[in-house]
Asker: 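Mind looking over this structure? Questions follow.
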Amino acid sequence: MPASPRVGAGSGAIALEPPQALIGRLVHHAEKVMVGKRESIEASVVVMLCGGNLLIEDVPGVGKTMLARTLAKAAHGEFRRIQFTPDLMPADVTGVSVWNRGTGAFEFRPGPIFANIVLADEINRTSPRTQAALLEAMEEKRVTVDGVTHPLPEPFMLIATQNSVDSVGAYPLPEAQLDRFLIRLSLGYPEERHEIDMLARLSDKHPIDQLRPALYPEELLLLQRQTRLVHVDESLMRYMVRLSAETRTHRELALGASPRATLALMHAAQAKALMNGRGYVIPDDIKAMLAPVLAHRLIVDPLARANGVTGAAVLADIAGKLAAPGYRHTAGR
């Protein structure tokens, strides 16, 4: 892959670095805070490279909010946190028009959604009306208030969290909104050695206080553009379409993957390839991203769910039965 320019802050110097080096540094910096969570960090970086949105669903206290803060600081982006509560209104998120007596006109005051990385903490605690206020931002990177459209900063990424064990007073996200999250992940409990390491690191100061940026927003935008340039062979496009089509007719699924899900799978595979230092996608990239991208978009049939069937298990079954193309990248492509 071609090198990416190093856009320094104030130095004026430009050092050429390959995308894999920039991405690797971002992952390495995040690991300084999120101990033993490399797989989750890499999945989050895939979302960043795609310009998508991330949903983290897990039990309280495993680092969901900390992961969002870490990514924002490592990417040197402006970070805003919105605590979602039942009384939160759409204007509290998007902003509001206020009358200015001096000018005799309304002025728009941006809400906390206007940042590079926005944390929607406990998104399922707020009403569907307020949840819906995020849809335009998630899909089109803009918000419309009083008929006027305002673009969001670039790059933009929404990270939403929700607890998986507490459903009292919660408003489950509808399928239409789940479909707008590129990846859903769970952090899980740390291994014993990693938890001991965490205690040692937090005995004095928090590692995030000493975390330095791994790259700058301009570099992330360049990486996002390079992600879309990663080559995807037509045979692999057909393979991804067939994977999605199988979910739509699978007997254990009540709802299969949408065309938007297929597109998301392709973009995630491109990001995975770029992360691995390749300018082209291979079947393993698609298989690695299949469950993280598609599982949360599926609705398992109630009877199958009662028998312990999950969306990830169905996808593994489909991928095991559907042969991947014998794709071989040709030089010069």
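Numbers for residues simply follow the sequence, beginning at 1.
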Asker: NZ of K37 to CD of E31: how many Å apart, nearest 0.5 Å?
Answerer: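 K37 atom NZ to E31 atom CD measures 12.0 Å (nearest 0.5 Å).
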Asker: Do L243 and V46 sit in one hydrophobic cluster, given that two such residues count as connected whenever their side-chain heavy atoms are within less than 4.5 Å of each other, even indirectly?
Answerer: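 Yes; tracing contacts between hydrophobic side chains, which count when under 4.5 Å, links both residues.
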Asker: For R248, does the CZ atom sit with more than 12 other heavy atoms under 6.0 Å from it, leaving out its own atoms?
Answerer: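 Result for CZ/R248: enclosed.
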Asker: F108 vs F114, test: ring-ring contact (aromatic ring centres under 6.0 Å, His included). Steps then yes/no.
Answerer: CA-CA 12 Å; F108 176 65; F114 285 83; 5.7 Å; yes
Asker: Just how far is it from atom CG of L315 to atom CG of L290, taken to the nearest 0.5 Å?
Answerer: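 If I round to the nearest 0.5 Å, the distance is 4.5 Å.
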Asker: Answer with yes or no whether the hydrophobic clustering places L173 together with L54; edges join I, L, V, M, F, W, Y residues whose side-chain heavy atoms lie under 4.5 Å apart.
Answerer: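 In one cluster with L173: L54, no.
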Asker: For R80, does the CZ atom have more than 12 heavy-atom neighbours from other residues, nucleotides or ligands under 6.0 Å away?
Answerer: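 Enclosed.
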Asker: If you round to the nearest 0.5 Å, how far is CG of L158 from CD1 of I82?
Answerer: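 Answer for the CD1-CG pair, I82 versus L158, is 7.5 Å.
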Asker: Heavy atoms only: give me the nearest V232-M237 pair and the separation to one decimal.
Answerer: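 Where V232 meets M237 most closely, the heavy atoms are O-CE, 3.5 Å.
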Asker: Could you tell me whether a side-chain N or O of S40 sits under 3.5 Å from a main-chain N or O of L187, the two making a donor and an acceptor?
Answerer: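 Here the side-chain-to-backbone pair does not exist.
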Asker: Looking at E246 and K321, does any basic side-chain N land under 4.0 Å from a carboxylate oxygen?
Answerer: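 Salt bridge: no.
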Asker: Of all the heavy-atom pairs spanning T126 and Y171, show the shortest one and how long it is.
Answerer: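 Heavy atoms of T126 and Y171 come nearest at O-CD1, 2.9 Å.
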Asker: Quick check: are there more than 12 heavy atoms from other residues, nucleotides or ligands sitting under 6.0 Å from CZ of R129?
Answerer: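 No, the 6.0 Å shell around CZ holds no more than 12 heavy atoms from other groups.
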Asker: Side chain of R297, backbone of A257: donor and acceptor closer than 3.5 Å?
Answerer: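 The answer is no, because no donor-acceptor pair under 3.5 Å joins these two groups.
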Asker: Treating Ile, Leu, Val, Met, Phe, Trp and Tyr as nodes and any side-chain heavy-atom pair under 4.5 angstrom as an edge, say whether M198 and I41 lie in one connected cluster.
Answerer: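 Not linked; separate clusters.
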Asker: Flag the pair F79 / L119 as yes when at least one side-chain heavy-atom distance between them is below 4.5 Å, and no otherwise.
Answerer: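 SC-SC contact between F79 and L119 confirmed.
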Asker: Rounded to the nearest 0.5 Å, what separation is found between the CE atom of M138 and the CD1 atom of I113?
Answerer: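 With rounding to 0.5 Å, CE (M138) is 9.0 Å from CD1 (I113).
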Asker: How far apart are the C-alpha atoms of R278 and D285, what are their side-chain angles, what is the distance that settles it, and do they pass the side chain to side chain contact (heavy atoms under 4.5 Å, CB included) test?
Answerer: CA-CA 11 Å; R278 280 182 279 100; D285 297 324; 2.8 Å; yes
Asker: Go through the steps for N307 and E252 under the test side chain to side chain contact (heavy atoms under 4.5 Å, CB included), then give the verdict.
Answerer: CA-CA 10 Å; N307 291 326; E252 293 181 319; over 6 Å; no
Asker: Mind checking whether N116 and E78 have side chains closer than 4.5 Å, heavy atoms only?
Answerer: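 Heavy-atom side-chain distance check passes, below 4.5 Å.
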Asker: How long is the span from the CD1 atom in I23 to the CG atom in L215, to the nearest 0.5 Å?
Answerer: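 Rounded to the nearest 0.5 Å, the CD1-CG separation comes out at 9.0 Å.
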Asker: Find out if a path of hydrophobic residues (ILVMFWY) with successive side-chain heavy-atom gaps under 4.5 Å connects L322 to M240.
Answerer: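 Yes, one cluster joins them.
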Asker: Out of curiosity, does I117 fall in the hydrophobic cluster containing V27 (side-chain heavy atoms, cut-off under 4.5 Å, transitive links)?
Answerer: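 Cluster IDs for V27 and I117 match.
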Asker: Within the distance-only criterion (no hydrogens, no angle test), does the side chain of Q177 pair as donor or acceptor with the backbone N or O of L135 below 3.5 angstrom?
Answerer: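 Pair absent, no side-chain N/O of Q177 close to backbone of L135.
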Asker: Testing the basics here: between F181 and H296, what is the closest heavy-atom pair and its distance to 0.1 Å?
Answerer: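 Smallest interatomic distance, heavy atoms only, reads O-NE2, 2.8 Å.
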Asker: Would a distance-only check, ignoring hydrogens and angles, find a side-chain to backbone donor-acceptor pair under 3.5 Å from N276 to K272?
Answerer: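 Confirmed, N276 side chain pairs with K272 backbone.
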Asker: Tell me the closest heavy-atom pair linking P19 and L274, and the distance in Å.
Answerer: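 Smallest interatomic distance, heavy atoms only, reads CB-CD1, 3.8 Å.
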Asker: Is a side-chain N or O of E195 found less than 3.5 angstrom from the main chain of E192, in a donor-acceptor match?
Answerer: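 Pair absent, no side-chain N/O of E195 close to backbone of E192.
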Asker: Only pairs at least two apart or in different chains count here, so list each salt bridge (charged side-chain N to carboxylate O under 4.0 Å, His left out) that has a residue in residues 141-151.
Answerer: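 Every salt bridge (charged side-chain N to carboxylate O under 4.0 Å, His left out) pair that includes a residue of residues 141-151, provided the two are not neighbours, is E136-R142, E140-R142.
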Asker: Got a sec: does the CZ of R184 have more than 12 other heavy atoms crowding it under 6.0 Å?
Answerer: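 Yes, the 6.0 Å shell around CZ holds more than 12 heavy atoms from other groups.
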Asker: Looking at H28, I want to see if its NE2 is surrounded by more than 12 non-hydrogen atoms of other residues, nucleotides or ligands under 6.0 Å.
Answerer: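 Atom NE2 in H28 is not packed in, count stays at 12 or less.
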Asker: Tell me every residue that passes side-chain contact (heavy atoms from CB on, under 4.5 Å) with T70, counting only those two or more places apart in sequence or in another chain.
Answerer: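 Expected list: A30, V33, M34, M66, I208, L211.
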Asker: Taking the side chain as everything from C-beta on, heavy atoms only, tell me whether L202 gets closer than 4.5 Å to P207.
Answerer: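 In contact.
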Asker: One pair to check against side chain to side chain contact (heavy atoms under 4.5 Å, CB included): V145 and F106. What are the steps and the verdict?
Answerer: CA-CA 12 Å; V145 178; F106 281 99; over 6 Å; no
Asker: So which of D301, L303, L253, V314 actually passes side chain to side chain contact (heavy atoms under 4.5 Å, CB included) with V309?
Answerer: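 Exactly one candidate clears the test, V314.
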Asker: Can you confirm whether V293 sits close enough to I183 that some side-chain heavy atom of one is under 4.5 Å from a side-chain heavy atom of the other?
Answerer: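 Answer yes - side chains close enough.
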Asker: Would you name the heavy atoms of S44 and M157 that are closest together and state the gap between them?
Answerer: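 Where S44 meets M157 most closely, the heavy atoms are O-CE, 3.9 Å.
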Asker: Hey, what do you get for CD1 (I318) to CG (L294), rounding to the nearest 0.5 Å?
Answerer: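 So the gap between those two atoms works out to 8.5 Å.
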Asker: Does the pair D197 and R193 meet the rule for a side chain to side chain contact (heavy atoms under 4.5 Å, CB included), with working shown?
Answerer: CA-CA 6 Å; D197 190 8; R193 60 190 177 93; over 6 Å; no
Asker: Using a 4.5 Å cut-off on heavy atoms from C-beta on, say whether the side chain of L185 contacts that of E39.
Answerer: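 Answer no - side chains too far apart.
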Asker: Kindly check if the number of other-residue, nucleotide or ligand heavy atoms within 6.0 Å of CD (Q83) is above 12?
Answerer: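 Atom CD in Q83 is packed in, count exceeds 12.
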Asker: Which pair of heavy atoms, one from Q20 and one from M275, lies closest together, and at what distance?
Answerer: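 Minimum heavy-atom separation between Q20 and M275: CG-O, 3.5 Å.
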